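The structure under discussion appears below in the form of structure tokens.
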Amino acid sequence: MRRLIPPPWPGQGPAADDREWGLDELADAYAYPADQPTGSGWLRANMVASVDGAAHHGGRSKPLSSPADMRVFGVLRALADVVLVGAETVREERYRPARRRAEFVERRRAAGQTEVPAIAVVSASLHLDFSLPLFTEPLVPTLVITGAKAPHAGLAAARAAGVDVVTAGDEAMVDPARVKPALAGLGWTRLLTEGGPRLLGQLAAAGVVDELCLTTAPRVTVGTAPRVMSGPEIADPREFALTDLLEDEGFLFGRYRRR
């Protein structure tokens, strides 16, 4: 892996860092910003896309991934307090609880974090299978984020399964603008979303995505897969600045920060 942006130190060529980075190096490279306002949430998105714009292939993101992408994926999870994910993605990707990683235990403990990040599933209908390992085997209880008028049967099923319910919105639908404050109010400020495209589109349209970590895979899928964000077009494009760019075997790892 080599760093393209910011450029290497003077005297180093672009290939001077062309090697497999350690997990600590990746964690330092992807550290949450130090200038984050105290008590507010910082919402980072992590997605992968093919060079022709597909967010998945055959309904899953794994065919677009690589060993380096999976290392970045694991590091971003290890840095987060909460991983935010849409209900459809939970079903399609067969989500499981975050696993404990011994190499990050001390870093998380020093940051005042739980042993692993919690998974937070965004769902209006609460049509979820609460017998799945995501809900029955987590080291940290899985959360469900829903609206105040969510179906009573779904709420009862979630609570019976020991799932923590977080309300973000006055109707059945989740208000994306209220997700960050709801989680920050519980003390979770380092937020990560892994989509899917519809959830990420809603969050971006609401102007609450602070950072996008985008892996661009040197692969072409054609097909009709959505982009990394999908939904109604917003009135004006949102501006993001490219702050970091890494490369590994043709895969580009960009880090974009909302202006």
Side-chain angles (χ1 to χ4, degrees), residues 1-5 18 20-21 23 25-27 29-32 42-80 82-99 101 117 119-122 134 190-205 208-231 238 240-258:
M1 180 172 284
R2 55 182 179 148
R3 180 182 291 281
L4 304 178
I5 299 175
D18 195 3
E20 182 175 316
W21 286 23
L23 294 179
E25 289 174 286
L26 281 174
Y30 282 97
Y32 278 80
W42 181 271
L43 179 57
R44 161 186 286 168
N46 182 36
M47 299 291 283
V48 62
S50 64
V51 290
D52 60 334
H56 56 66
H57 182 65
R60 304 191 69 188
S61 59
K62 186 175 181 179
L64 301 180
S65 188
S66 71
D69 180 55
M70 292 310 299
R71 287 199 302 274
V72 171
F73 175 90
V75 165
L76 293 183
R77 276 196 165 197
L79 295 175
V82 178
V83 178
L84 194 65
V85 64
E88 184 176 351
T89 298
V90 165
R91 291 186 283 265
E92 291 289 336
E93 300 276 0
R94 303 174 193 140
Y95 258 60
R96 297 184 64 84
R99 62 185 180 89
R101 303 187 64 177
I119 305 294
V121 183
V122 178
L134 177 62
R190 288 158 287 208
L191 313 177
L192 170 68
T193 180
E194 296 168 352
R198 185 168 61 177
L199 172 61
L200 184 51
Q202 293 169 346
L203 294 167
V208 296
V209 175
D210 299 296
E211 180 183 336
L212 172 62
C213 296
L214 178 64
T215 299
T216 303
R219 293 172 185 163
V220 172
T221 68
V222 193
T224 59
R227 300 179 300 174
V228 295
M229 300 184 190
S230 65
R238 297 276 160 76
F240 279 71
L242 176 62
T243 61
D244 298 84
L245 184 63
L246 306 176
E247 184 272 339
D248 184 88
E249 296 186 348
F251 283 77
L252 294 176
F253 301 87
R255 188 176 177 186
Y256 300 83
R257 182 167 175 166
R258 179 163 55 96

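Given the structure is predicted, the values throughout are model-derived calculations rather than measurements.
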Which pair of heavy atoms, one from [X] and one from [Y], lies closest together, and at what distance?
X: Tyr32; Y: Leu191; value: OH-O, 3.1 Å
X: Ser61; Y: Ala55; value: CB-O, 4.2 Å
X: Val85; Y: Tyr95; value: CG2-CZ, 3.7 Å
X: Leu246; Y: Trp21; value: CD2-CH2, 3.7 Å

Main-chain N/O of [Y] paired with [X] side-chain donor or acceptor, under 3.5 Å:
X: Arg257; Y: Asp210; answer: no
X: Glu247; Y: Glu249; answer: yes
X: Thr221; Y: Gly223; answer: no
X: Tyr30; Y: Leu79; answer: no

**Request:** Apply side chain to side chain contact (heavy atoms under 4.5 Å, CB included) to His56 and Glu92, showing your working.
**Result:** CA-CA 11 Å; His56 56 66; Glu92 291 289 336; over 6 Å; no
Contact check, side chains of [X] and [Y], non-hydrogen atoms, under 4.5 Å:
X: Phe251; Y: Pro218; result: yes
X: Arg198; Y: Ser230; result: yes
X: Val48; Y: Met70; result: no
X: Leu214; Y: Thr216; result: yes
X: Leu26; Y: Arg71; result: yes
X: Val209; Y: Leu200; result: yes

Going from [atom1] on [X] to [atom2] on [Y], what distance comes out if it is rounded to the nearest 0.5 angstrom?
X: Glu194; Y: Cys213; atom1: CD; atom2: SG; answer: 11.0 Å
X: Arg77; Y: Arg99; atom1: CZ; atom2: CZ; answer: 9.5 Å
X: Arg227; Y: Ser50; atom1: CZ; atom2: OG; answer: 12.5 Å
X: Asn46; Y: Phe73; atom1: CG; atom2: CZ; answer: 7.0 Å
X: Phe240; Y: Arg258; atom1: CZ; atom2: CZ; answer: 6.5 Å
X: Leu242; Y: Arg255; atom1: CG; atom2: CZ; answer: 11.0 Å

**Prompt:** Just wondering, are more than 12 heavy atoms of other shown residues or ligands nearer than 6.0 Å to CZ in Arg94?
**Reply:**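 Incorrect, the count does not exceed 12.
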**Message:** Are there over 12 heavy-atom neighbours, none belonging to Arg219, within less than 6.0 Å of that residue's CZ?
**Reply:**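 Buried by this count: over 12 neighbours within 6.0 Å.
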**Sidechain N-carboxylate O distance under 4.0 Å for Asp248, Arg2** =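 A salt bridge is absent here (no side-chain N lies under 4.0 Å from a carboxylate O).
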**Item:** Working for side chain to side chain contact (heavy atoms under 4.5 Å, CB included), residues Leu134 and Arg96
**Value:** CA-CA 5 Å; Leu134 177 62; Arg96 297 184 64 84; 5.8 Å; no
**Request:** With sequence neighbours excluded, tell me which residues meet salt bridge (Lys or Arg N to Asp or Glu O under 4.0 Å) with Asp69.
**Result:**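 Here no residue qualifies.
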**Message:** Applying side chain to side chain contact (heavy atoms under 4.5 Å, CB included) to Thr89 and Leu199, what does each step give before you reach the verdict?
**Reply:** CA-CA 9 Å; Thr89 298; Leu199 172 61; over 6 Å; no
**Request:** Would you mind listing every salt bridge (Lys or Arg N to Asp or Glu O under 4.0 Å) that reaches into residues 43-66, with sequence neighbours excluded?
**Result:**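 Salt bridge (Lys or Arg N to Asp or Glu O under 4.0 Å) check on residues 43-66 returns Arg44-Glu211, Arg60-Glu93.
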**Item:** Candidate list Leu43, Leu84, Leu76, Val82, test side chain to side chain contact (heavy atoms under 4.5 Å, CB included), partner Leu192, passing option
**Value:**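 Exactly one pass, corresponding to Leu76.
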**Request:** Would you check, one step at a time, whether the test side chain to side chain contact (heavy atoms under 4.5 Å, CB included) holds for Leu252 with Leu4?
**Result:** CA-CA 10 Å; Leu252 294 176; Leu4 304 178; 4.3 Å; yes
